[in-house]
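This is the structure, below, for whatever I ask next.
Residue numbers begin at 1 in each chain, while the letters A, B, ... track the order of the sequences. Reckoned from all heavy atoms, side chains included, excluding hydrogens, waters and symmetry mates.
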Amino acid sequence: MYALVDCNNFFVSCERTLDQSLEGKPVVVLSNNDGCVVSRSKEAKDLGIPMAAPAFKYKELFKQHDVKSFSAKFELYNYKSQQVIDISKSYVMDYEIYSIDELFLDLSGFKYVDIHEYCFKIKDDIYNKENIPVSIGIAPTKTLCKVANRIVKDFPEQFNGIYILDTPEKIEKALKWLPIEDVWGIGRRLAVKMHDSGVYKAWDLLQKPEMWVRKIMGIHGVRMINELKGIRQLELDSPSPKKSIAVTRSFMEMLTAKEEVRERVETFGMYCSERLRKQNTCCRMVTVFVQTNRFRKDLPEYRNAITQILPNPTNSSILIGRVVNELFEAIYRDGFHYKKAGVIVNDFVPEDERLISLFEEDTQNQHLPVMKAMDAMNKKFGKDKVRLGSMSGENTFGRAQLSPEYEAFLKSNTLPEANFRFH
DNA sequence: TCTGGGGTCCTAGGACCC
DNA sequence: TCTGGGGTCCTAGGACCC
């Protein structure tokens, strides 16, 4: 059996560890620029605030019901996440970190242990030490763990945070209850196709011929069906180095000056380079994109992206910055109101296995010591203390004022690397 | 006034090879 | 008259996840 440990409304729970008085009140956490809602307490959900709700549309409601809202504090969330992982993994031999607020535990080999009781101990331990409430869903496959977790959350009084989905009878009952769109791996598009074909519950999908599923959903669908039947198709993954790194942001205000956009894009490129060096890889591809505000139908729309394959893999901020600049020049058009831009790097090779083109000058190795020194100084003295001349050094992204509790937290903790998948 | 920021995997089609 | 077939690699786009 696997267990899925899922932190309840994780970002909000993290905020509550800093301020106990938030307990029992409606609380939301907002994305960058305080744009939209990314985490909601139960009380906030009950007020009808949907996930990803644009904050400006709900301002009145927030005021009316005294909803507390916070800007995201990712250092805090990453730190708490690591604490939860450390506690959970101490109970098992094998585990998989699935996201910032979820991890799978391998319970095979626990034949003679009362799994239910054991998972209660994990849950209580996490709550006692870290003040983070979790739900645990237990089942023979990952997909069924997700279902079990959903059941825990939908029937809180009945299950008290833990549910085991093990017998065929329980599985059948659960799948006849679960809407198809809530199955792990069914997104918005597939949900529509499912409804069109009369599939409304997870159970209905199992009644469809395999060929049909294969045609509509590809190989995912076949795996999904087996997983729902309790036949294991997905193993626990061991942590793997990233295959792409992206730094993208929406701007607080729309930008019309070329140099302002350039400065941001160059900064994004530098962040990408830093993250490449952190995992000791070089990239062979760089992509730059810019776009206008797609919600402003009154303004002309423009979006473009361009990718360059590098002759020699690199993680030098200087070399990547140069490429980013060229690409930016190639796609930037005057006369638009830019709202968002980003840099994405991919196609990685380990730093020490680079194959060098014979015909292109390669200065990566000259840059590396300087870059590593820059990284070390930034680590010691704070983010962006040492930077390239092209960066303005201004804080270009908005963030609300930090609470005193959070300032205290930042001072008192050595923060772990922020390399989790989001959420 | 104001709408997030990351990631992964799969597939179809084209280029190219013999 | 008649115009191969199989394979790989790459890329863009689409789907999904949190």
message: Give the residues of residues 179-195 of chain A touching DNA chain C, defined as any heavy atom closer than 4.0 Å, sorted by residue number.
response: V183(A), W184(A), G185(A), I186(A), G187(A), R188(A), R189(A), L190(A)
query: Phosphate oxygens OP1/OP2 of dT3(B): is one of them under 4.0 Å from a side-chain N or O of S250(A)?
result: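 Answer is no, no contact under 4.0 Å.
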Gap between atoms CZ and C1', on F295(A) and dG4(B) respectively (whole Å): 10 Å
- request: Quickly work out the M217(A) CE to dT11(B) C1' distance and round it to whole Å.
  value: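 For the pair M217(A) CE and dT11(B) C1', the rounded distance is 14 Å.
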- prompt: ring pair (Phe, Tyr, Trp, His ring centres under 6.0 Å): which pairs involve residues 186-218 of chain A, sequence neighbours left out?
  reply: H195(A)-Y200(A)
Shortest side-chain distance from N293(A), nucleotide among dG6(B), dG7(B), dT3(B):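 Ranking dG6(B), dG7(B), dT3(B) by closest atom to the N293(A) side chain puts dT3(B) first.
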query: What is the distance from CD1 of I245(A) to P of dT8(B), rounded to the nearest Å?
result: 9 Å
query: For N78(A) and dG7(B), what is the distance between atoms CG and P respectively, to the nearest whole Å?
result: 12 Å
query: How close or far is atom C1' of dT8(B) from atom CD of E96(A), stated in whole angstroms?
result: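 It is 12 Å, rounded to the nearest whole Å.
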query: Within this structure, what is the CZ-to-P distance between F70(A) and dG4(B), rounded to whole angstrom?
result: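 To the nearest whole Å, that distance equals 21 Å.
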query: Whole Å only: how far is the CZ atom of F74(A) from the P atom of dG5(B)?
result: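 Interatomic distance, CZ of F74(A) to P of dG5(B): 9 Å.
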query: Can you tell which of dG4(B), dG7(B), dT11(B) lies closest to the side chain of I219(A)?
result: dT11(B)
- request: Would you mind telling me which residue lines up with the more 5' stretch of DNA chain B, G218(A) or T248(A), judged by nearest nucleotide?
  value: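 Checking each residue's closest nucleotide, the 5'-ward one belongs to T248(A).
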query: If only side-chain N and O atoms of S31(A) are considered, is one of them under 4.0 Å from the OP1 or OP2 phosphate oxygen of dG5(B)?
result: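 Result: no.
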- prompt: Over how many whole Å does the gap from F289(A) atom CZ to dG5(B) atom C1' extend?
  reply: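 From F289(A) CZ to dG5(B) C1': 9 Å.
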field: Watson-Crick or G-U pairs under 3.5 Å in DNA chain B, rendered as dot-bracket with [ ] for crossing pairs and | for another strand
entry: ....||||||||||||||
message: Are more than 12 heavy atoms, taken from residues, nucleotides or ligands other than E210(A), located less than 6.0 Å from that residue's CD atom?
response: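 Open.
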- request: Name all pairs fulfilling the side chain to side chain donor-acceptor pair (under 3.5 Å) condition that reach into residues 149-163 of chain A, sequence neighbours left out, sorted by first residue then second.
  value: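 Sorted result for residues 149-163 of chain A: D6(A)-K153(A), R150(A)-D154(A), R150(A)-D182(A).
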- prompt: Looking at DNA chain C, which of residues 131-150 of chain A put a heavy atom within less than 4.0 Å of it?
  reply: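 DNA chain C contact set from residues 131-150 of chain A: K146(A).
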- request: Answer yes or no: is there an ion pair linking K68(A) with E15(A), defined by an N-O contact shorter than 4.0 Å?
  value: no
query: Among dG6(B), dG5(B), dT3(B), which nucleotide sits nearest the side chain of A246(A)?
result: dG6(B)
- prompt: Under 4.0 Å: is that the gap between some side-chain N or O of R275(A) and OP1 or OP2 of dG5(B)?
  reply: no
message: Whether R262(A) engages the ring of Y332(A) as a cation-pi pair (distance to the six-membered ring centre under 6.0 angstrom, angle to the ring normal within 45°) should be assessed.
response: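 Not satisfied by the 6.0 Å and 45° rule.
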N/O donor-acceptor pairs under 3.5 Å from side chains in residues 228-239 of chain A, not counting sequence neighbours:
unit_1, atom_1, unit_2, atom_2, d
R232(A), NE, P140(A), O, 3.1
R232(A), NH1, Y2(A), OH, 3.1
R232(A), NH2, P140(A), O, 3.3

Set of side-chain hydrogen bond (donor to acceptor under 3.5 Å, both in side chains) partners for K208(A), sequence neighbours left out: none
- prompt: On a whole-Å scale, what distance lies between the P atoms belonging to dC18(C) and dT3(B)?
  reply: 25 Å
query: D196(A): what forms a side-chain hydrogen bond (donor to acceptor under 3.5 Å, both in side chains) with it, not counting sequence neighbours?
result: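 D196(A): no side-chain hydrogen bond (donor to acceptor under 3.5 Å, both in side chains) contacts found.
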- prompt: According to the side chain to side chain donor-acceptor pair (under 3.5 Å) rule, which pairs have a member within residues 120-141 of chain A, sequence neighbours left out?
  reply: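 The answer is N8(A)-S135(A), K80(A)-E130(A), Y91(A)-D125(A), D125(A)-K129(A).
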query: Strictly by modelled atom types, are T314(A) and Q364(A) linked by a side-chain donor-acceptor pair under 3.5 Å?
result: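 Yes, Q364(A) and T314(A) have a side-chain donor paired with an acceptor closer than 3.5 Å.
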Side chains of residues 42-57 of chain A: which donor-acceptor partners sit under 3.5 Å, not counting sequence neighbours?
unit_1, atom_1, unit_2, atom_2, d
K42(A), NZ, D46(A), OD2, 2.9
E43(A), OE1, R16(A), NH2, 3.0
E43(A), OE1, S41(A), OG, 2.9

- prompt: Is K372(A) atom NZ crowded by more than 12 heavy atoms from other residues, nucleotides or ligands, each under 6.0 Å away?
  reply: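 Enclosed.
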query: Toward the 5' end of DNA chain B, which comes first, R294(A) or H220(A), by nearest nucleotide?
result: R294(A)
- prompt: Counting only heavy atoms not in E301(A), do more than 12 fall under 6.0 Å of its CD?
  reply: yes
task: Give, ordered by number, those residues of residues 328-342 of chain A having at least one heavy-atom distance below 4.0 Å to an atom of DNA chain B; if nothing qualifies, reply none.
output: K339(A), K340(A)
- request: Ignoring backbone atoms, establish whether R296(A) has a side-chain N or O less than 4.0 Å from OP1 or OP2 of dC2(B).
  value: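 True: R296(A) side-chain N/O within range (under 4.0 Å) of dC2(B) OP1/OP2.
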task: Name the nucleic acid region contacted by R284(A), choosing base, sugar-phosphate or nothing; use a 4.0 angstrom heavy-atom cut-off, strictly under.
output: nothing
Donor + acceptor pair across side chains of Q82(A), D86(A) (<3.5 Å): yes
- prompt: Parallel, tilted or perpendicular: which fits the ring planes of F104(A) and Y98(A), with parallel below 30° and perpendicular above 60°?
  reply: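 Taking Y98(A) first and then F104(A), their aromatic rings stand perpendicular (interplane angle over 60°).
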query: Within the structure shown, what part of the strands sits under 4.0 Å from K59(A) by heavy-atom distance: base, sugar-phosphate, or nothing?
result: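 Answer is nothing: K59(A) stays at 4.0 Å or more from every strand.
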- request: Check salt bridge (Lys or Arg N to Asp or Glu O under 4.0 Å) between K243(A) and all other residues, then give those that pass, not counting sequence neighbours.
  value: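 Listed in chain order: nothing, the list is empty.
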query: If you check every side-chain atom of D101(A), which of dC10(B), dC18(C), dT11(B) has the closest atom?
result: dC18(C)
query: Counting side-chain heavy atoms from CB outward, which of dG7(B), dT11(B), dG4(B) is closest to K242(A)?
result: dG7(B)
task: Have a look at I309(A) and say if it touches a base, only the backbone sugar-phosphate, or nothing, with a 4.0 Å heavy-atom cut-off.
output: sugar-phosphate
